[in-house]
Number of protein chains: 2
Amino acid sequence: MRIEDVARLAGVSPITVSRTINKSDQVVEETRRAVQKAIDRLGYIPNRLAGSLASTRTRVIGLVISTLYSNIFAITVRGMTDTLLTAGYQLSLGVSNDLLEVESAHVRSFLGQRVDGVCLVGGIHDRLVRRALLQSGVPVVEINNLVSDPIDMCVGYSNEEASFAMVRHLANCGYRRIGLVTAPTENNDRSQARRAGYRRALAQLGLPFADSLIGTAPYTVAQGARAFASILSLNPDLDALFLTQDNAAAGAILEAKRRGVRVPGDIGIAGFDDADIGQEMVPALTTVRTHHYEMGATAARMLLRRIDGGAPPHPVVDVGFEIIPRGSTRPPPA
Amino acid sequence: MRIEDVARLAGVSPITVSRTINKSDQVVEETRRAVQKAIDRLGYIPNRLAGSLASTRTRVIGLVISTLYSNIFAITVRGMTDTLLTAGYQLSLGVSNDLLEVESAHVRSFLGQRVDGVCLVGGIHDRLVRRALLQSGVPVVEINNLVSDPIDMCVGYSNEEASFAMVRHLANCGYRRIGLVTAPTENNDRSQARRAGYRRALAQLGLPFADSLIGTAPYTVAQGARAFASILSLNPDLDALFLTQDNAAAGAILEAKRRGVRVPGDIGIAGFDDADIGQEMVPALTTVRTHHYEMGATAARMLLRRIDGGAPPHPVVDVGFEIIPRGSTRPPPA
DNA sequence: CTGAAAGCGCTAACAG
DNA sequence: CTGTTAGCGCTTTCAG
């Protein structure tokens with residue numbers, strides 16, 4: 001079924017049907033109603049492949065997130081879709097599972113589909129993909145970090161400063177032997193920045209460092225529990241652990257409970273992202289709050305503005321972060 | 001940049017470039033290498049809008065999941081993509097947030113994009129969408145439930161039997177006053193089935209029922225905690241609560257701890273899905289295990305087979321479920 | 001406000 | 001194994 005079938009039934013030309021669908025204000029009410037009736041009667045669904053090929057616009061934004069295991073991206077995605085839908089744009093979602101080649105495949109696919117904009121997590125991407133993006137001229141926004149050399153635009157927060165601030169907070173609460181758990185650092189600039197902030201804070205505060213104080217745990221409660229167990233066994237004098245993901249931090253709290261380690265008395269635990277689980281833990285989780293809804297909405301707005309031909313006022317937007325002290329760490333001295 | 005530019009640089013015709021990209025076995029090695037060199041040199045990315053329009057195949061499967069807040073779909077998505085990628089297909093992901101009209105919009109968009117297959121969660125869909133799907137002739141598979149009247153094909157498990165089995169298990173462990181928390185039932189046949197299984201089990205076992213024993217909590221730990229609190233306040237004699245989502249059940253365990261209610265001694269808690277968090281809880285969560293990876297992989301395989309023109313052997317596949325008893329419920333009598 | 005002609009970039013079908 | 005021809009179904013001009 002084609003636009004022509006609808007046109008015939010409605011007694012108009014194909015272009016009038018097209019206008020009814022896409023720019024209904026250019027069609028007089030009566031014609032429009034007749035066309036709409038024909039569309040409904042036939043159950044006609046326009047072929048967007050053809051439409052986009054002719055118009056060179058898809059009204060689709062491609063987003064590649066790194067994981068579905070952390071529900072934190074749910075909020076960013078809502079921020080983006082809320083903004084995009086209002087403007088008549090759609091989101092196409094890819095999941096990379098933190099693999100650079102999977103991200104590349106998604107981006108290539110997006111470019112092949114001729115999306116009108118692309119959103120990626122972080123600043124580390126395949127060299128060729130970067131080139132392809134630049135060459136294609138599509139607006140690109142990188143999120144979740146402050147990228148030093150963005151492909152195009154960027155909205156996020158400083159993972160290094162956030163990590164630095166949390167470690168300083170822990171030290172202020174009296175913790176001295178502080179461990180760190182992040183997602184793998186390979187091709188992940190957020191994890192790299194969080195480690196850098198941690199190291200810088202330890203150095204500045206004169207706190208002890210050892211390789212055995214650092215561990216790795218992607219996204220899940222179980223992995224956080226294991227990371228906690230392993231770091232504790234290597235560092236019997238550990239007195240705080242900062243896991244830069246709330247699920248993992250929740251896992252650490254649970255593992256502590258299982259071992260009879262008191263939190264925050266024996267060991268303080270801190271997380272990152274202010275996910276919903278943190279507030280519910282017993283004790284509630286001290287964390288870094290970041291602003292994911294705002295970040296998603298801003299990313300969408302920046303893309304839309306660039307699509308409309310304008311340059312955004314700030315190519316790099318910092319949405320900031322806050323330290324949220326809760327019961328999983330000792331209170332700071334008054 | 002078009003295929004013609006590549007063809008000119010490589011000294012061949014456009015169709016040879018096309019064949020190099022899509023059916024490389026029909027091109028002799030030497031030609032293929034020359035074409036590939038030209039492609040790489042130019043950074044050419046084929047326009048799939050044009051390609052799919054001409055070939056009437058997109059090699060894209062559309063999937064609409066209900067939420068990003070539960071990470072349980074991550075596993076299903078992996079099962080699907082692992083299978084699809086091998087066959088050269090891609091997944092396009094939509095999130096409905098359990099709203100029928102959002103699901104409809106995604107399906108319409110998929111149909112407009114001319115996806116080669118569609119996968120939906122559950123059996124309740126907009127009437128017009130159902131019609132559009134049928135009319136379009138695209139293969140459709142519904143997952144996460146055993147749908148009585150599938151649009152086309154279905155792979156899932158019986159939510160009613162699973163719920164029934166869990167309630168019987170709880171009764172067998174000596175619990176009498178058993179409450180239930182599900183996601184909202186509106187337009188959600190999984191929740192409806194879980195309630196039906198619960199009611200049927202209570203009736204069959206002669207256990208007491210009251211409206212106040214039933215609560216609602218979508219997907220999050222916090223909502224599970226609140227649902228637990230509210231049902232307990234209405235039913236001081238409550239001795240078990242079955243929350244049909246592991247995050248919510250985890251929230252109930254945490255809320256119990258906060259209130260000094262002992263689990264499983266005072267109250268037994270059970271969940272659904274066997275998400276990673278359940279094993280880590282203290283006590284570990286009794287749950288219903290379902291097989292999400294297998295379900296995703298099977299759904300993908302069924303779609304691919306139908307795309308290849310074959311009828312699948314079974315239009316409805318049951319991947320089953322298992323009751324996993326853990327520490328959050330009392331052991332059954334020996 | 002509506003229509004006619006031309007073309008978006010690619011691939012199916014057929015030829016050689 | 002490679003090329004030619006003829007569209008895929010829509011929208012962009014440009015007229016009226």
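Only heavy atoms go into these numbers, but all of them, side chains included; no hydrogens, no water, no symmetry mates. Proteins get letters first, then strands, A, B, ... in listed order; numbering begins at 1 in each. As the structure is a computational prediction, the values presented were derived from the model and not from experiment.
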Check this one for me: any side-chain N or O of B:Asn22 less than 4.0 Å away from OP1 or OP2 of C:dT11? yes
Out of C:dC1, C:dC10, D:dC1, whichever nucleotide has its closest atom nearest the side chain of A:Val28: C:dC1
Using a heavy-atom cut-off of 4.0 Å across all strands, would you classify A:Ile15 as base, sugar-phosphate, or nothing? base
Do the side chains of B:Arg33 and B:Glu30 get close enough for a salt bridge, i.e. N-O under 4.0 angstrom? no
Output yes when at least one side-chain N/O atom of B:Ser13 is less than 4.0 Å from OP1 or OP2 of D:dG3, else no. yes
When you measure from the side-chain N and O atoms of B:Thr16 to the phosphate of D:dG3, is any distance below 4.0 Å, counting only OP1 and OP2? yes
Below 4.0 angstrom from OP1 or OP2 of D:dT2, is there any side-chain N or O of B:Thr31? yes
A:Ser55 side-chain proximity, nearest of D:dC10, D:dC8, D:dT12: D:dT12
For C:dC10 and B:Ser18 - does any side-chain N or O of the residue sit under 4.0 Å from the phosphate oxygens OP1/OP2? no
Which nucleotide sits closest to the side chain of A:Arg2: D:dC1, C:dA13, D:dC8? D:dC8
Under 4.0 Å, counting only non-hydrogen atoms across every strand here, what does B:Arg19 touch: a base, just sugar-phosphate, or nothing? base
Return no unless some side-chain N or O of A:Lys23 is found under 4.0 Å from OP1 or OP2 of C:dC1. no
Heavy atoms only, 4.0 Å cut-off, all strands: where does B:Pro46 land among base, sugar-phosphate and nothing? sugar-phosphate
